[in-house]
Structures are given as C-alpha cells and as structure tokens.
Amino acid sequence: MTANTANTVVAFDLYGTLLSTQSIAKHLEKHYDNAKAQSISALWRRYQLEYTWRLNSMGRYEDFSVITRNSLLHALADNNEQLSNDNIERLMQAYDSLSTFSDVNPALINIAADPTIQAVIFSNGTKTMVTNSVLRSKDLSPHASVCQEIVTIDEVQQYKPSKATYEHLAKQIGQDPSQMSKLWLVSGNPFDIVGARATGMQAIWVDRVGTGWKDAMAPDLQPTAIVHSLEQIVNEIHSRRL
C-alpha cells in the first residue's frame with residue numbers, strides 16, 4: 001500500500017489490542033478447570049512475548065508460530081501438565097480464531113466511516129497466522145476489509161520493539177522512515193508503545209482496565225495519548241494531527 005499523504009495511516013497491533021489472547025482460556029477449559037486454564041493462558045502469553053525479546057537479544061529468529069507453540073509447552077510444564085500432540089495442534093488452531101475485545105467492533109465501524117484514516121494491521125505474527133486470525137475470528141472477520149494491509153515482521157526477522165520492525169512498517173506502506181512522526185500505532189502492549197515512540201511514531205496506548213501508564217523503562221517515551229476504549233482513537237487522532 002502506498003500511503004495517501006492526505007490521510008493518516010494508523011497501524012493496529014493484533015494480539016492484545018484487537019484480539020484477546022486471554023480468550024484462549026475457554027479452549028483450555030476443555031482440559032482443565034477454570035483456574036488452571038486461566039493460569040496456563042496467562043503464562044502462555046507471558047512466555048510468547050518473553051521468547052521474542054530473548055531471541056532479539058541473542059540475534060536469533062524463530063517463526064512466531066513456533067514461538068507460540070513452544071511457549072504453550074512452557075506454560076503447561078510450569079503447571080505440571082502436558083497434552084497430546086493432537087490437543088496441542090487443536091489449541092494452535094484455536095489461536096487463529098481468538099475473540100476480539102468488546103470495543104473493537106464499534107471502533108472499526110467508526111474507522112470504516114472515516115475516509116481520512118487508513119488502517120493497517122502490524123503484528124509480530126507470521127503473515128499466515130495473522131491472515132488466518134483476521135479471516136477466522138468470528139468477531140474480526142466481518143471487518144477484514146477495514147484494514148487495507150497486513151504488515152508482519154517475517155522479512156525483517158526481528159520482533160517488536162526492535163527499531164527495524166517499525167521502519168519496516170513505514171517502508172511497507174510507502175512512508176519515508178525519516179518521517180515516522182506521521183505514522184500512528186495503536187496497541188494495548190506497553191512495550192510496543194515504547195518501541196514505536198523510540199522511532200518517533202505517534203502511539204496510542206489502550207488502557208482498558210484503567211490502571212494508568214506505569215512503564216518506567218524509558219520515562220521520556222510516553223504514549224502520545226491514552227484511551228480506555230478503542231472507540232476513542234478517531235477523536236484522539238483528529239485532535240492531534242500534525
């Protein structure tokens with residue numbers, strides 16, 4: 001996609017922003033009680049992210065689907081549990097159809113009605129994983145056409161918050177990486193917000209639980225804006241356009 005200079009390009013993170021990674025717990029409940037399913041789900045996400053950061057630090061790369069599978073195995077082991085290969089594969093398939101957060105549907109409707117905003121998805125997931133998630137999620141698939149392009153880090157082989165990933169985003173949408181301030185990221189993940197801000201992008205953090213910004217890794221890298229619902233982002237972007 002070539003960015004229209006009259007429009008604002010807004011890149012949406014997928015996992016933890018549009019799709020709830022915790023919603024995988026309902027599939028884990030086919031094997032465990034609610035408490036254990038919630039524990040495994042939370043650890044699964046924790047290790048999924050941790051593995052990407054560790055790989056970045058080591059200068060190594062593994063496919064995100066491999067990371068997702070291995071982090072599930074780690075989460076199960078921490079809970080002294082294991083599943084058959086068939087059940088692991090079913091959970092991996094279920095990861096392609098996660099539920100959206102409740103504010104996603106009205107937010108994407110608002111964006112679809114605003115011709116000045118060009119929405120894309122920008123994710124750590126592989127192109128196959130992300131495409132499957134967009135098309136198979138019963139909540140997200142009706143809005144698949146809202147996001148005009150899917151940008152993943154496959155070609156860069158580095159994960160967010162590496163600077164190279166955000167510059168890759170700019171290049172993929174036809175934006176000059178020297179003008180990152182014209183791009184917007186929307187994410188529910190603080191590390192993603194900090195990474196985007198470090199490259200000069202604008203970034204909106206989605207604070208759905210209302211805990212406030214607590215990330216102190218780099219105090220100078222604050223979100224451009226904080227919202228409690230995705231429904232607020234259109235107004236925020238319009239009020240802060242450069």
Which residues satisfy the side chain to side chain contact (heavy atoms under 4.5 Å, CB included) test with Y61, sequence neighbours excluded?
I153, Q157, Y159
Judged by modelled atom types alone, do D114 and H238 share a side-chain donor-acceptor pair under 3.5 Å?
yes
Rounded distance (nearest 0.5 Å) linking atom CD of Q172 with atom CD1 of I150
12.5 Å
First locate atom CE of M201, then atom CG of L183, and finally report the distance between them rounded to the nearest 0.5 Å.
5.0 Å
Partners meeting side chain to side chain contact (heavy atoms under 4.5 Å, CB included) with D86 (sequence neighbours left out):
S84, R90
Establish whether L55 and V66 are linked, either directly or via other cluster members, by ILVMFWY side-chain heavy-atom contacts under 4.5 Å.
no
Sub-4.5 Å side-chain heavy-atom contact between I204 and I226
no
For the residue pair L91 and I24, what are the closest heavy atoms and their distance?
O-CD1, 4.0 Å
Report the distance from atom CD of E236 to atom CD1 of I233, rounding to the nearest 0.5 Å.
9.5 Å
Using a 3.5 Å distance criterion without hydrogens, assess whether the side chain of N132 forms a donor-acceptor pair with backbone atoms of R136.
no
For H27, which residues count as a ring pair (Phe, Tyr, Trp, His ring centres under 6.0 Å) partner, sequence neighbours excluded?
none
In terms of heavy-atom contacts, N110 and E231 come closest through ND2-O, 4.1 Å
Heavy-atom closest pair, residues E29 and A37:
CG-CB, 3.5 Å
Assess whether atom NZ of K163 is packed by more than 12 heavy atoms of other residues, nucleotides or ligands within 6.0 Å.
no
Which atom pair, heavy atoms only, marks the closest approach of S141 to L135?
CB-O, 3.3 Å
ILVMFWY cluster membership beyond V156 - transitive side-chain contacts under 4.5 angstrom:
none
Expected output: side-chain D33 to main-chain K36 donor-acceptor under 3.5 Å
yes
Does N7 form a side chain to side chain donor-acceptor pair (under 3.5 Å) with T116? I'd like the steps, not just the answer.
CA-CA 5 Å; N7 293 347; T116 71; 5.6 Å; no
Who passes ring pair (Phe, Tyr, Trp, His ring centres under 6.0 Å) against Y32, sequence neighbours left out?
none
So do the side chains of N79 and L43 get within less than 4.5 Å of each other, counting heavy atoms only?
yes
Can you name the side chain to side chain contact (heavy atoms under 4.5 Å, CB included) partners of A218, sequence neighbours left out?
D220, L221
For a side chain to side chain donor-acceptor pair (under 3.5 Å) check, start with the C-alpha distance between K182 and T8, then their side-chain angles and the critical distance, and finish with the verdict.
CA-CA 7 Å; K182 294 183 178 181; T8 298; over 6 Å; no
For residues Q48 and N124, determine if any side-chain heavy atom of one lies less than 4.5 Å from a side-chain heavy atom of the other.
no
Do N105 and T100 have side-chain heavy atoms sitting under 4.5 Å apart?
no
The reported gap from CG in L108 to CG in L140 (rounded to nearest 0.5 angstrom) is 6.5 Å
Consider only side-chain heavy atoms of I, L, V, M, F, W and Y, link residues closer than 4.5 Å, and tell whether I67 and M58 are in one cluster.
yes
One should read off an interatomic distance between I40 CD1 and L72 CG, to the nearest 0.5 angstrom, of 8.0 Å
Taking the side chain as everything from C-beta on, heavy atoms only, tell me whether F12 gets closer than 4.5 Å to L230.
yes
Kindly state each residue pair satisfying ring-ring contact (aromatic ring centres under 6.0 Å, His included) with at least one member in residues 103-146, sequence neighbours excluded.
F122-Y166
Besides I109, the hydrophobic cluster formed by Ile, Leu, Val, Met, Phe, Trp and Tyr side chains linked at under 4.5 Å, directly or via other members, contains none
For D139 and S137: C-alpha separation, side-chain torsions, deciding distance, then whether side chain to side chain donor-acceptor pair (under 3.5 Å) applies.
CA-CA 5 Å; D139 304 318; S137 168; 4.5 Å; no
Quick one: are K171 and P177 in side-chain contact, heavy atoms under 4.5 Å?
yes
In the hydrophobic cluster built from side-chain contacts under 4.5 Å, what are the other members alongside F191?
L49, W53
Sorted by chain and residue number, the ring pair (Phe, Tyr, Trp, His ring centres under 6.0 Å) partners of F101 (sequence neighbours excluded) come out as none
Heavy-atom side-chain proximity of D78 to Y47 below 4.5 angstrom:
yes
Under-4.0 Å salt bridge between R69 and E89
yes
Apply side chain to side chain donor-acceptor pair (under 3.5 Å) to residues T165 and Q158 and explain how you reach the verdict.
CA-CA 7 Å; T165 62; Q158 294 181 45; over 6 Å; no
Measure across S99 and K26 and return the closest heavy-atom pair with its distance rounded to 0.1 Å.
OG-NZ, 3.1 Å
Pairing of D154 and K127 as salt bridge, 4.0 angstrom limit
no
Under the rule for side chain to side chain contact (heavy atoms under 4.5 Å, CB included), what residues qualify as partners of T224, not counting sequence neighbours?
W184, R197, Q202, R240
Which residue pairs satisfy the side-chain hydrogen bond (donor to acceptor under 3.5 Å, both in side chains) criterion with at least one member in residues 15-24, sequence neighbours excluded?
D13-T17, Y15-S133, Q22-Q38, Q22-S41
How long is the span from the CD atom in E62 to the CG atom in N70, to the nearest 0.5 Å?
7.5 Å
Please answer whether the main-chain N or O of F64 pairs with a side-chain N or O of T68 as donor and acceptor at a distance below 3.5 Å.
yes
Could you report the tightest heavy-atom contact between L28 and W44, atom names first, then the distance?
CD1-CE3, 4.4 Å
